[in-house]
Amino acid sequence: DVQLQASGGGLVQAGGSLRLSCKTSGFTFGDYAIGWFRQAPGKERKGVACIRSSDGRIYYSDDSVKGRFTISSDNAKNTVYLQMNNLKPEDTAVYYCAAAPSSYGSTWLPYQAYEYHYWGQGTLVTVSS
């Protein structure tokens, strides 16, 4: 069974930090790109960042997180992380990780939610002001 388990959310004050983890299993980690999305209350799900661990390709799709969030992976643990620093109240959302097939060296990376095949259950991040 394919599984993506997101964890690490919680309540933090503005300016604080959290590290989210996405533990994956059931597929070849190196053949997939892993993305983080977030969905704030009453809003649509939006992409945050993506990493393809096989060749280190990374992008951040949300300009508001650039310089504050860092996506990384531990290939030995089949896990992707999202380090979130200097958190703001507007970062409050349920954060999801998702996986899409994307081969080493490919020019294609997933950007839209519908391009991802597998999703985790989400972890809630609440940033108080």
Measure the spacing between [atom1] of [X] and [atom2] of [Y] and express it to the nearest 0.5 Å.
X    : Y   : atom1 : atom2 : value
M84  : T70 : CE    : OG1   : 11.0 Å
S106 : D55 : OG    : CG    : 8.5 Å
N86  : S17 : CG    : OG    : 8.0 Å
S53  : N78 : OG    : CG    : 8.0 Å
I71  : Q83 : CD1   : CD    : 12.0 Å
D31  : R52 : CG    : CZ    : 10.5 Å

Are [X] and [Y] close enough that some pair of their side-chain heavy atoms sits under 4.5 Å apart?
X    : Y    : result
V125 : R38  : no
L4   : F27  : yes
P101 : H117 : yes
S61  : C50  : no

**Q.** Side-chain ion pair, D91 and K88, N-O less than 4.0 Å
**A.**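 Salt bridge between D91 and K88, a charged N being under 4.0 Å from a carboxylate O: no.
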Q) What do you reckon, are the aromatic ring centroids of F69 and Y60 less than 6.0 Å apart? A)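 Distance test on ring centres: not under 6.0 Å, no.
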Q | Ring-face cation contact, Y81 with R19, 6.0 Å cut, 45° max | A |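 Verdict for Y81: a cation-pi partner in R19.
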Minimum-distance pair of heavy atoms, taken over all atoms of [X] and [Y]:
X    : Y    : value
A14  : S129 : CB-CA, 4.4 Å
K77  : T79  : O-OG1, 2.8 Å
S73  : V80  : CB-CG2, 4.0 Å
D74  : F29  : O-CE2, 4.4 Å
C97  : A6   : SG-CB, 4.1 Å
Q121 : Q5   : OE1-CA, 3.6 Å

Connected via hydrophobic side-chain network under 4.5 Å: [X] and [Y]:
X    : Y   : result
Y118 : V94 : no
Y111 : Y32 : no
Y95  : I34 : yes

Q: Quick one: name the residues clustered hydrophobically with Y104, using the 4.5 Å side-chain heavy-atom rule over I, L, V, M, F, W, Y, and just say none if it's on its own.
A: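 Taking Ile, Leu, Val, Met, Phe, Trp and Tyr as members, Y104 stands alone, with no cluster partners.
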Keeping the roles fixed (side chain from [X], backbone from [Y]), state whether a donor-acceptor pair exists under 3.5 Å.
X    : Y    : value
S102 : W108 : yes
S21  : S7   : no
T92  : V127 : yes

(Q) For the NZ atom on K46, are there more than 12 heavy atoms of other groups (residues, nucleotides or ligands in this structure) within a distance under 6.0 Å? (A)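 Check fails, neighbour count at 12 or below.
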**Q.** Within 6.0 angstrom of E90 CD, more than 12 heavy atoms from elsewhere
**A.**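 Yes - once you tally the heavy atoms of other residues, nucleotides and ligands closer than 6.0 Å, there are more than 12.
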Q. Partners of Y96 by side-chain hydrogen bond (donor to acceptor under 3.5 Å, both in side chains), sequence neighbours excluded?
A.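 Y96 satisfies side-chain hydrogen bond (donor to acceptor under 3.5 Å, both in side chains) with no other residue.
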Q) Can you list the steps and then say if F37 with W119 is a ring-ring contact (aromatic ring centres under 6.0 Å, His included)? A) CA-CA 10 Å; F37 287 76; W119 290 82; 5.0 Å; yes
